[in-house]
Amino acid sequence: MIETFSGWLFDIYPNDANLSIWLIGDDGKRYCFNQDFTATLYAAGPAAILRGLWRWLKEQPIPVRLARAERKDVFNGIITVLAVEVLQPIKLDELFRAMAAAYPDLTYYDADISIALRHAAKYDTFPLARCQLEVRGEKIISISALDTPWDLEPEAAPLRIMSIEPDCDPARNDPKAILVSFGRASYSLPFEKPVPFLIGLRADIRRYDPDVILTSWGDTWLLPFLMKLSQENGVSLPLNRAESQTVVEKKERTYFSYGQIMYRGQQVLLRGRWHLDKHNAMMWGDYGLIGVLEMARVTRQPAQEAARLSPGTGISSMQFVTAMQKEILIPWHKGQSERPKTTMDLIRSDMGGMVYQPTVGLHRDVGGIDFVSMYPGIMVRFNISPEVPRAGTDLEPGLGEPGIIPMTLAPILNKRLALKSALLTLNKYDCRRPVYQALASAEKWLLVTCFGYLGYKNARFGRIEAHEAVTAYGREALLRAKEAAEDMDYEILHMYVDGLWVHKEGCQTPKDFEALLAEVTNRTGLPISMDGVYRWVVFLPSRVDERVPVANRYFGVFQSGEIKVRGIEARRRDTAPFISETQMDIMEILAKAEDADGLKDVLPKAQAFVRKQMSALRMMKVPVEKLLVSQKLSRELGEYSTPSPAARAVRQLEACGKVVRPGQRVRFLFTLGKPGVSAWDVLEQPDTRCIDVARYRILLQRAVDTVLDPIEQSVNGGKDCECLYLFPIRKAETLAEGGSQNLGGHNVPSNHIHYNGMQGGER
DNA sequence: TACAGTCGGGG
DNA sequence: GTGTACGACTGTA
């Protein structure tokens, strides 16, 4: 007998025979079905070796179906491959490892793609997709998704969330109890007596049966602790909803990404439930649970993974799904190797000549305008993808069908644009506003990463020519925007990669820049938007040599009163909160001025506030946590030639048995005497008398000066800016020769919002 | 003063 | 998802 179910797809993982599929039914019940599923990988190489592999596979205990097939390789076109269909998905990794070891010279494809992504590619499913299932017994006969990741307001799944956290930070203290809350219940469970504690917790998990276990430090401390306690006392805990499955523990890792060292703590993954650790989720801080769910939907990564996605994984996952659906092979090791570069490196070096030196000082009547997702927009608009042949010049679209990259990006871009325009129509207090903002931020993050991957040697779908085509058009677009602005009598104050700051006397509302935006879009074919109109903005000079402007240190206030800050102390994560908060508060006071002329009236207030903060510091009336500095450990302790303050703090931690891995942050105070720092995570009661107040005063003064010096000079000088200098600042020449083969007459059709008519979710 | 270590940026 | 840019700035010797 066949039954039909509908609901939200919750979890997919391989079991011993096939796949386990969890569904949150429309009737509120949680179902676990299974589904037959096979996973195919491909091998290419000399026919003789492939025949050897064929015979070898036939002798293996893992059942496979073998076939010859024709598939498209991104770099070599259509090739003949041996398709190896593994009938038990759980055996895929084991078989592939053995195969690659026995036949190391073959080229392998689709070998290391997770089962979840394969399922997504085959059935167009994703976490929390609305699904319809036909089921016989417990076996799924058919499954189809009823919605797509691109809907702005998906029907929310009725997730049951249980929050569990220790009563203190386990890095600093020994927790004595856990705080549990779910539904309306909220209480503390001491674990002094483990057996009653475990029995109580078990009863609650069984009773409430949460879908999501939301923890603080659950990956690094709480769940490992609970599992150990459970084992030692012989009291089982149903952390997994599928109690026969084992909890998956992933080890910590330190790795490089985007030129930075990164650390990912160990992870504890559940089956049939999700474990989400607030303190170990990369996306968590910025976007919250909504962001995690959005990441899961669009990247099609299981929610527990999506919460901890590292840069590149999300966009790579999406590319893989597109490639599988288009039957394009996914290389196991990327075929080409290029000189290593990273995203911003490429933006910087390729755009090197492009960045204007800003005109230092205070400016009024300034419009800040940005291309919207410039590089992704270019990739979609000009069909730039590793497998798509380029036309004659970089400024023409690639030839033929849309490639993997544009196909992957177009729906994200369209969704982001749709969210942005929806946001414009929502009033200030609409409850959808924060949701849409979280979604737009999540999409933005994916888009930002994608461009870097095109020029990144280890990306499977990277290709340097494609990357160069993108930057070439980026330069061209910025140049055209500059020309449009100058033709319309705006003064260019600054340009940076994909944004411009333009000034014209009396231009004080977005309307005053509308014609310019339209003209730029018209000339470039790329959507451009108003970041905002500034009441005033200050571009800062270099601290080392104040005659030199720096591209990326500025602050200002929009007409709305909103403050925009880049590059200065308040933006840095190694600035003590007391310092950044004071700097921001000063700007809040300055933002009370209606316009630049009003600054002279608020300046005394700002100065009085500074005196107040200085005296608070002198008297140590500042909460000690506000003086904490947090820095990332960049290497192993032994590798420091002159140990940084952070390294010296870590030395103290190690002395009491605590380990800090490269990529992890360490918190410390500046203290008197040697070694000048005091690690926060070893302190019981910090002694405020030891704090190096003088040092904090210097830091504070510095941050104050960054903001107030230019304002004071401008107010005292009466004029706007150039008064700082004895001679005029030379604006750097834009565009090094050769950067653009100027295709003067080349006409770009205008396309404001939609990209090549490609809509998300339509196939 | 020279050199070593850390950060932002993208949005 | 797995390899390290660049320039600005700060801290240390």
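Per chain, numbering begins at 1; letters A, B, ... match sequence-line order.
- Listed by chain and residue number, A/D531 satisfy the side-chain contact (heavy atoms from CB on, under 4.5 Å) test with A/D370 (two or more places apart in sequence, or in another chain).
- Atom CG of A/L699 is separated from atom C1' of B/dT6 by 14 Å (rounded to the nearest Å).
- Side-chain atoms of A/Y496 lie closest to B/dG10 of the nucleotides B/dC7, B/dG5, B/dG10.
- A salt bridge is defined here as a Lys NZ or Arg NE, NH1 or NH2 lying under 4.0 Å from an Asp or Glu carboxylate O, and A/E305 with A/K250 meets this definition.
- The side chain of A/R573 has B/dG8 as its nearest neighbour among B/dT6, B/dG8, C/dA8.
- Within 4.0 Å (heavy atoms only), A/F320 reaches at least one base atom of the nucleic acid.
- A heavy-atom distance below 4.5 Å is found between the side chains of A/P675 and A/Q652.
- If you check distances only, the side chain of A/R253 never reaches the base of C/dG3 with a donor-acceptor pair under 3.5 Å.
- For residues 631-654 of chain A, the pairs satisfying salt bridge (Lys or Arg N to Asp or Glu O under 4.0 Å) are A/E636-A/R661, with sequence neighbours left out.
- A/S542 comes within 4.0 angstrom of sugar-phosphate atoms only, judged by non-hydrogen atoms across all strands, and of no base.
- Here A/L633 lies out of heavy-atom contact (under 4.0 Å) with every strand.
- Rounded to whole Å, atom C1' of C/dG3 lies 19 Å from atom OH of A/Y263.
- Closest to the side chain of A/K632, out of B/dG5, B/dG11, B/dC7, is B/dC7.
- Within the 4.0 Å cut-off from OP1 or OP2 of B/dG9, at least one side-chain nitrogen or oxygen of A/R571 is found.
- Taking atom CG on A/D531 and atom P on B/dG11, their separation rounds to 10 Å, with Å as the unit.
- A straight line from OH of A/Y554 to C1' of B/dG9 spans 10 Å, rounded to a whole angstrom.
- With B/dT6, C/dC9, C/dG11 as the choices, the nucleotide that has an atom nearest any side-chain atom of A/R702 turns out to be C/dG11.
- Ranking B/dT6, B/dA4, B/dG9 by closeness to the A/T642 side chain, first place goes to B/dA4.
- Looking at residues two or more places apart in sequence or on another chain, you find a salt bridge (Lys or Arg N to Asp or Glu O under 4.0 Å) between A/E581 and A/K626.
- The shortest distance between the side-chain N/O atoms of A/R635 and the OP1/OP2 oxygens of C/dG3 is not below 4.0 Å.
- When the side-chain nitrogen and oxygen atoms of A/R566 are compared with OP1 and OP2 of B/dG10, one or more of them lie within a distance under 4.0 Å.
- The side chain of A/S644 places no N or O atom within less than 4.0 Å of a non-bridging phosphate oxygen (OP1 or OP2) of C/dG11.
- A/D370 comes within 4.0 angstrom of nothing in the nucleic acid, heavy atoms only.
- Evaluation of the salt bridge (Lys or Arg N to Asp or Glu O under 4.0 Å) rule for A/E569 yields A/R543 as partners, not counting sequence neighbours.
- Residue A/R648 has a polar side-chain atom (N or O) positioned under 4.0 Å from OP1 or OP2 of C/dT12.
- For A/R416, taking side-chain heavy atoms from C-beta onward, the closest of the listed nucleotides B/dC7, C/dT12, B/dG11 is B/dG11.
- Remark: DNA chain C forms stems of 3 or more consecutive Watson-Crick or G-U wobble pairs, all pair distances under 3.5 Å, at B:1-8 with C:6-13.
- Of all nucleotides listed (B/dA4, C/dT12, B/dG10), B/dA4 comes nearest to the side chain of A/S641.
- Protein atom OH of A/Y640 is 13 Å distant from nucleotide atom P of C/dT12, rounded to whole Å.
- Rounded to an integer number of Å, the gap from A/L413 CG to B/dG11 C1' is 13 Å.
- Rounded to whole Å, the distance from NZ on A/K444 to P on B/dG9 is 12 Å.
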Task: Trace of the side-chain hydrogen bond (donor to acceptor under 3.5 Å, both in side chains) decision for A/D73 with A/Y109 - done: CA-CA 9 Å; A/D73 174 282; A/Y109 298 94; 2.6 Å; yes
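- Taking atom C1' on both C/dT4 and B/dC7, the two are 15 Å apart, rounded to the nearest angstrom.
- Across the protein-nucleic acid pair, A/I568 atom CD1 and C/dA8 atom P stand 17 Å apart, rounded to whole Å.
- Evaluation of the side-chain contact (heavy atoms from CB on, under 4.5 Å) rule for A/A647 yields A/L637, A/Y640, A/P643, A/S644 as partners, not counting sequence neighbours.
- Comparing the same atom, C1', in C/dA5 and in B/dG5 gives a spacing of 16 Å after rounding to whole Å.
- Among the protein residues, A/R543 comes within range of the sugar-phosphate backbone only, with heavy atoms under 4.0 Å from sugar or phosphate atoms but none that close to a base.
- Aromatic ring centres of A/F578 and A/Y696 lie farther apart than the 6.0 Å criterion allows.
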